[in-house]
Amino acid sequence: MMKSRHWLVKQEPDSYSWDDFVRDGGTSWDGVRNYQARNNLRAMQAGDPVLFYASGEGREVVGIAEVEKGAYPDPTADDPAWVSVRLKPVRKLARAVTLAEIRAQPALARMPLIRHTRLSVMPITASEFKAVVKRGG
DNA sequence: GCCAACGTTGGC
DNA sequence: GCCAACGTTGGC
């Protein structure tokens with residue numbers, strides 16, 4: 001049985017917002033320089049569902065994305081060990097799901113988003129993914 | 001603006 | 001190899 005993987009990526013809307021992402025029709029998720037995040041990028045496969053979270057101003061999950069292309073060397077890095085993936089937008093949530101809301105839900109509060117606040121690329125479970133999408137409409 | 005968490009760097 | 005100093009991220 002194939003296990004589907006679900007992910008959450010964080011981005012400061014000041015540097016790259018959901019609207020930028022939609023306007024571009026997808027983007028290369030590069031510039032990640034954290035080992036744990038890199039390992040997560042490496043595990044991403046085309047078709048994996050991804051939640052798009054806006055940190056800083058907002059602090060909320062704003063939309064659903066999908067892995068378009070799995071890990072390849074990050075063109076912005078000197079060292080080819082750093083990787084990036086290509087993500088494309090699927091749809092915006094009807095209503096953004098806030099960090100406070102996620103924290104208040106025992107079923108969601110276990111996500112690394114809450115427990116490892118500085119991690120920018122993280123795996124989440126299928127049920128966490130579903131629960132957030134359900135709340136987002 | 002402040003502060004906590006935590007990864008990285010550099011002296012020893 | 002240890003650990004203090006420092007820088008960055010990100011919540012509040």
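Letters A, B, ... mirror the listed sequences (proteins, then strands); counts begin at 1. Source: prediction; values computed, not measured.
For the pair A:Glu60 CD and C:dG10 P, the interatomic distance rounds to 15 Å; values are reported in whole Å.
Residues A:Gln45 and A:Val67 form no side-chain contact, since every pair of their non-hydrogen atoms from C-beta on lies 4.5 Å or further apart. Residues A:Val83 and A:Pro73 fail the side-chain proximity criterion, which asks for heavy atoms closer than 4.5 Å. Proximity of A:Phe129 to A:Val50: side-chain heavy atoms (C-beta onward) are nowhere separated by under 4.5 Å. Counting heavy atoms from C-beta outward, A:Met44 and A:Val121 have side chains that approach closer than 4.5 Å. Side-chain contact between A:Gln36 and A:Leu119 is present, with at least one heavy-atom pair separated by less than 4.5 Å.
The salt bridge (charged side-chain N to carboxylate O under 4.0 Å, His left out) contacts involving residues 126-137 of chain A comprise A:Glu101-A:Arg135, where partners must be two or more places apart or lie in separate chains. Pairs engaging residues 106-118 of chain A under the side-chain hydrogen bond (donor to acceptor under 3.5 Å, both in side chains) rule: none recorded [sequence neighbours left out].
Between A:Tyr72 and A:Trp82, a ring centre-to-centre spacing not shorter than 6.0 Å is recorded. The six-membered or imidazole ring of A:Trp29 lies near that of A:Phe52, with a centre-to-centre distance under 6.0 Å.
In summary, A:Lys88 and A:Glu68 do not engage in a salt bridge, as defined by a charged side-chain N under 4.0 Å from a carboxylate O. A salt bridge does not link A:Asp74 with A:Arg38: every distance from a Lys NZ or Arg NE/NH1/NH2 to an Asp or Glu carboxylate oxygen is 4.0 Å or more.
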**Message:** Please encode protein proximity along nucleotides 2-8 of chain C as a string of B, S and -, counting only heavy-atom distances under 4.0 Å.
**Reply:** -----BB
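Counting only N and O atoms by type, the side chains of A:Trp7 and A:Asp48 include a donor and acceptor under 3.5 Å apart.
Near DNA chain C, defined here as any heavy-atom distance below 4.0 Å, the residues from residues 10-20 of chain A are A:Lys10, listed numerically. Listed in residue order, the members of residues 27-35 of chain A having a heavy atom less than 4.0 Å from DNA chain B are A:Asn34, A:Tyr35. Of the residues in residues 73-81 of chain A, not one comes within less than 4.0 Å of DNA chain B through any heavy atom.
Between A:Arg103 and the phosphate of C:dC12, there is a side-chain N or O to OP1/OP2 separation shorter than 4.0 Å.
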**Item:** Verdict with supporting geometry, A:Val133 and A:Arg91, side chain to side chain contact (heavy atoms under 4.5 Å, CB included)
**Value:** CA-CA 11 Å; A:Val133 170; A:Arg91 70 176 174 89; 3.6 Å; yes
